[in-house]
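Working notes, structure below.
Below, each value reflects all heavy atoms present in this structure, side chains not excepted, and no hydrogens, waters or symmetry copies.
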Amino acid sequence: MIDAIIFDFDGVILDSVAVKTRAFASLVAEHGPDAVERIVAHHEAYGGISRFHKFAWFYREVLGREASEAELNDLGKRFENLVFEEIVAAPEIDGALKFIQKNHTRYEMFIASGTPQEELRAIVDHRNLTALFKEVCGSPTSKIEITEYLLKKYNLSRTETAFVGDAMTDYDAAQECGLPFIGIVTDTHAPFPPDTITLPSLLNLDEALHCLSR
């Protein structure tokens, strides 16, 4: 029986993935269209990983040098300024808020995201969702580390805690930690192995969790 859920945030609770894709493109536009294409492709291939890792990759692999800490911090702040208000105002993934509001006393609910933790908590608070989650966790801690932390802190059963995510980093965290996984796939591309339970939204999450409980 599933009694706890760890949710990713962007692309699972809020339809905000495209907001961040545009921000990555905007921040490197001065380096030309090839640079934009490469950072967008990298971002989309590694959803759920900290933006700072992606910036460091961009400097190393595209610009051919290591980024300084000051450069990474500057990009991080500019990125936050570009996306914060848009994400606060972003629409939900269909069914997400209704499910969370209806079931937050039935399940212990958590968020594990690649968004910087302070920023993530501010967004969740602006959306009036903080009280519905036991804890909201973000980067720089990895999703595997967050998951292990939550399992131990709240004494959660690995077989009774589901991870709901839209990226391979979510799937990998679930696999590494021994959790059942449900993938959210909002377009035609599904990154997960063929036997993965997937949904186009959270409208039927109840049924999917019931399947995991059998």
Side-chain angles (χ1 to χ4, degrees), residues 2 4-25 37-51 53-54 83 86-87 89-103 107 109-115 120 123-124 127 129 132-133 136-139 142-144 146-147 150 158-214:
I2 299 299
I5 308 170
I6 300 174
F7 292 93
D8 179 37
F9 191 66
D10 296 301
V12 173
I13 294 175
L14 294 187
D15 190 5
S16 48
V17 173
V19 173
K20 295 188 173 182
T21 302
R22 291 195 297 271
F24 278 109
E37 183 177 342
R38 292 183 69 183
I39 191 66
V40 167
H42 183 74
H43 163 61
E44 292 178 340
Y46 295 95
I49 292 177
S50 168
R51 67 192 60 160
H53 291 299
K54 295 173 184 178
V83 305
E86 277 198 78
I87 293 177
E92 65 165 308
I93 295 295
D94 285 346
L97 300 186
K98 181 178 180 180
F99 177 88
I100 292 165
Q101 290 164 345
K102 177 183 176 183
N103 292 290
Y107 302 102
M109 296 187 184
F110 308 87
I111 293 176
S113 171
T115 299
L120 174 67
I123 292 168
V124 172
R127 298 292 299 236
L129 298 174
L132 304 180
F133 294 95
V136 175
C137 301
S139 67
S142 74
K143 290 189 179 179
I144 291 173
I146 291 171
T147 302
L150 293 174
R158 293 176 192 270
T159 57
E160 296 174 356
T161 302
F163 199 121
V164 181
D166 70 330
M168 281 302 296
T169 50
D170 305 318
Y171 178 86
D172 291 341
Q175 288 290 105
E176 181 71 21
C177 299
L179 273 57
F181 179 78
I182 295 172
I184 304 301
V185 181
T186 56
D187 56 27
T188 56
H189 173 65
F192 309 115
D195 59 346
T196 306
I197 295 175
T198 61
L199 299 171
S201 69
L202 270 66
L203 289 171
N204 296 313
L205 183 57
D206 270 324
E207 290 86 344
L209 291 169
H210 181 69
C211 288
L212 291 179
S213 297
R214 290 176 181 172

For residues 197-208, run the donor-acceptor check on the side chains, cut-off 3.5 Å, and write out each pair with its distance to 0.1 Å, sequence neighbours left out.
{"from": "Ser201", "atom 1": "OG", "to": "Leu203", "atom 2": "N", "distance (Å)": "3.2"}

Counting only pairs under 3.5 Å, give me each side-chain donor-acceptor contact of residues 14-23, with atom names and distances, residues two or more places apart or in other chains.
{"from": "Ser16", "atom 1": "OG", "to": "Asp10", "atom 2": "OD1", "distance (Å)": "2.4"}
{"from": "Ser16", "atom 1": "OG", "to": "Leu14", "atom 2": "O", "distance (Å)": "3.4"}
{"from": "Lys20", "atom 1": "NZ", "to": "Asp10", "atom 2": "OD2", "distance (Å)": "2.6"}
{"from": "Lys20", "atom 1": "NZ", "to": "Thr115", "atom 2": "OG1", "distance (Å)": "2.6"}
{"from": "Thr21", "atom 1": "OG1", "to": "Val17", "atom 2": "O", "distance (Å)": "3.2"}
{"from": "Thr21", "atom 1": "OG1", "to": "His43", "atom 2": "NE2", "distance (Å)": "3.3"}
{"from": "Arg22", "atom 1": "NH2", "to": "Glu86", "atom 2": "OE1", "distance (Å)": "2.8"}

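- Smallest separation of non-hydrogen atoms from Leu212 and Ile2: CB-CG1, 4.0 Å.
- Atoms CD and OG1, from Glu176 and Thr169 in turn, are 13.5 Å apart once rounded to the nearest 0.5 Å.
- If you take CE on Met109 and OG1 on Thr161, they are separated by 12.5 Å, rounding to the nearest 0.5 Å.
- The shortest side-chain heavy-atom distance between Phe192 and Val185 falls under the 4.5 Å cut-off.
- Between Ala96 and Ile13, the closest heavy-atom pair is CB-O, 3.7 Å.
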Next on the checklist: Checking Val12 against Ile93 for the side chain to side chain contact (heavy atoms under 4.5 Å, CB included) test, could you report, in this order, the C-alpha distance in whole Å, the side-chain angles of both residues, the deciding distance, and whether it holds?
Outcome noted: CA-CA 6 Å; Val12 173; Ile93 295 295; 5.6 Å; no

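- Among all heavy-atom pairs drawn from Cys137 and Leu150, the shortest one is SG-CD2, 4.1 Å.
- Around atom OH of Tyr107, more than 12 heavy atoms belonging to other residues, nucleotides or ligands sit under 6.0 Å away.
- Taking CG of Leu132 as the start and CG of Asn103 as the end, the distance is 11.0 Å to the nearest 0.5 Å.
- With sequence neighbours left out, Asp94 forms a salt bridge (charged side-chain N to carboxylate O under 4.0 Å, His left out) with no residue at all.
- Under the 4.5 Å side-chain criterion, counting only non-hydrogen atoms from C-beta, Phe99 is not in contact with Val164.
- The two residues Phe163 and Ala112 have their closest heavy-atom pair at CZ-CB, 4.3 Å.
- Taking the charged nitrogens against the carboxylate oxygens, Asp172 and Lys143 have no contact shorter than 4.0 Å, which rules out a salt bridge.
- Distance check: Ile111 CD1 to Ile6 CD1 gives 11.5 Å after rounding to the nearest 0.5 Å.
- Scanning both residues, Lys54 and Ile49, for their nearest heavy atoms gives CE-O, 3.5 Å.
- When every heavy atom of Phe7 is checked against every heavy atom of Phe133, the shortest pair comes out as CD1-CE2, 4.0 Å.
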